[in-house]
Protein chains: 2
Amino acid sequence: MAATRPYANAYDLLRESGLRPTRQRLALAKLLFDGTDRHVRAEQLHGEALADGIRVSLATVYNTLHQFTEVGLLREVIVESGRAYFDTNISDHHHFFCENSGELRDIPADQLAIARLPDPPAGKTVKRVDVILHLADLED
Amino acid sequence: MAATRPYANAYDLLRESGLRPTRQRLALAKLLFDGTDRHVRAEQLHGEALADGIRVSLATVYNTLHQFTEVGLLREVIVESGRAYFDTNISDHHHFFCENSGELRDIPADQLAIARLPDPPAGKTVKRVDVILHLADLED
DNA sequence: ATTCTATATTAGAATTATTCTAAGATAGAG
DNA sequence: CTCTATCTTAGAATAATTCTAATATAGAAT
């Protein structure tokens, strides 16, 4: 097995990313990279860790999520002011965001295409393209 | 003059939107809808109002920006966690966001096209399509 | 014009998400 | 085994925003 790296051992993952494999990073990596695509909030991951008996502070969860994002293991998705999600799916794709439930869902890359990108202003590069489709309940 | 409604009298604007034209709403509307496209933050608009000698509280600025957004006079743009901009350009368009300077800039509608939109999940409609191109300084 | 009532506005407290701080712990090189 | 750079920590601090309950005001009804 290998494919999209379905379980590349948390230890190796950290090693390859140049992050010291500490107890809490290992534990959080295991929770995050379980092979499924996850959209996590810091507070929520902290809860999961505690529930698993892992002693880790919320500050460390924030630090770790940001470090993972820096080395490209995660992608941060901003949907509302004061609400950051971290996406374990780092492939090229976009998101549905349901304003009623607060749920974030992946849109597969092949279902949304950007036809034309504008040139960035001089001296800048486009670092990231975020597309969010805000959903609302259909009522009649 | 009329075109895109370049100065449709703040009073009428509020009236047509079903908002009671109070002193502070009128003043804020005048600051916001001056004919140019603006990207405003609440704190900043509050500062401008005070500088103009308009007595208004920050809470009212927040209330007003949200009310204007609800009736379609403004559009809220989220770029980073804990950072909301209100855009006076409510036509269909997208944004560049420079992470270094915090500057938000319009991308004209004709410079970015979405080729294909996915179907929303059952029972939902796509309420808004947000595209943000994150910019970073080009260095070498 | 005056009165009245629903809606606005206010200051300040409260909340939420996040970052900072400075002290103590630990991975792993030597 | 020791040492040091890097982590982790609890709790304080910050930032943006929302809430609260009291006061003010627009505009309809008198």
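Considering only side-chain atoms of S57(B), the nucleotide from dA11(C), dA8(C), dG28(C) that sits closest is dA11(C). The side chain of R20(B) lies closest to dT25(D) when the candidates are dT25(D), dA10(D), dT8(D). Distance from the side chain of P21(A) is smallest for dA27(C) among the nucleotides dA27(C), dA8(C), dT10(C).
Between H66(A) and the phosphate of dT19(C), there is a side-chain N or O to OP1/OP2 separation shorter than 4.0 Å. Y62(B) has no side-chain polar atom (N or O) that falls below the 4.0 Å cut-off from OP1 or OP2 of dT18(D). Here Q24(B) reaches the OP1 or OP2 of dT10(C): one of its side-chain N or O atoms lies under 4.0 Å away. Taking 4.0 angstrom as the limit, R25(A) places a side-chain polar atom (N or O) nearer than this to OP1 or OP2 of dT8(D). In this structure, R23(A) reaches the dT26(C) phosphate: one of its side-chain N or O atoms is under 4.0 Å from OP1 or OP2. Contact check, T60(A) against dT9(D): a side-chain N or O comes under 4.0 Å of OP1 or OP2. Contact between the side-chain N/O atoms of T22(B) and the OP1/OP2 oxygens of dA26(D) is not found at any separation under 4.0 Å.
Between the CG atom in L13(A) and the CG atom in L19(A) there is a gap of 9.0 Å [rounded to 0.5 Å].
As rounded to whole Å, 13 Å separates atom P of dT17(D) from atom CG of N63(B). Spacing between atom NE2 of H46(B) and atom C1' of dA11(C) amounts to 11 Å, rounded to whole angstrom units. The interatomic distance linking L65(A) (CG) with dT8(D) (C1') rounds to 15 Å, in whole Å. Separating the CG atom of L28(A) from the P atom of dC7(D) is a distance of 14 Å, rounded to the nearest angstrom. Atom CD1 of I54(A) is separated from atom P of dT8(D) by 13 Å (rounded to the nearest Å). Note: CD (E80(B)) to C1' (dT17(D)) measures 16 Å, nearest angstrom. Regarding L45(A), its CG atom lies at a distance of 15 Å from the P atom of dA17(C), rounded to whole Å. Rounded to an integer number of Å, the gap from CG of L58(A) to P of dT18(C) is 9 Å.
With DNA chain C read from its 5' end, the first of the two nearest nucleotides for Q67(B) and A84(A) is the one closest to Q67(B). Along DNA chain D, the nucleotide closest to R15(B) and the one closest to R83(B) are compared, and the more 5′ of them pairs with R83(B). Between L19(B) and S81(A), the one whose closest nucleotide on DNA chain D sits nearer the 5' end is S81(A).
Test L58(A), V61(A), V56(A) against L45(A) for side-chain contact (heavy atoms from CB on, under 4.5 Å) and you get one pass: V61(A). Checked options L73(B), L32(B), T60(B); the residue passing with L65(B) is L32(B) (criterion: side-chain contact (heavy atoms from CB on, under 4.5 Å)).
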- Between H95(B) and Y85(B), does a ring pair (Phe, Tyr, Trp, His ring centres under 6.0 Å) hold up when you go through it step by step? CA-CA 11 Å; H95(B) 296 95; Y85(B) 288 82; 8.9 Å; no
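Between D119(B) and K124(B), no side-chain nitrogen of the basic residue sits less than 4.0 Å from a carboxylate oxygen of the acidic one, so the salt-bridge criterion is not met.
With a 6.0 Å cutoff to the six-membered ring centre and a 45° limit on the axis angle, R105(A) does not count as a cation-pi contact of F97(A).
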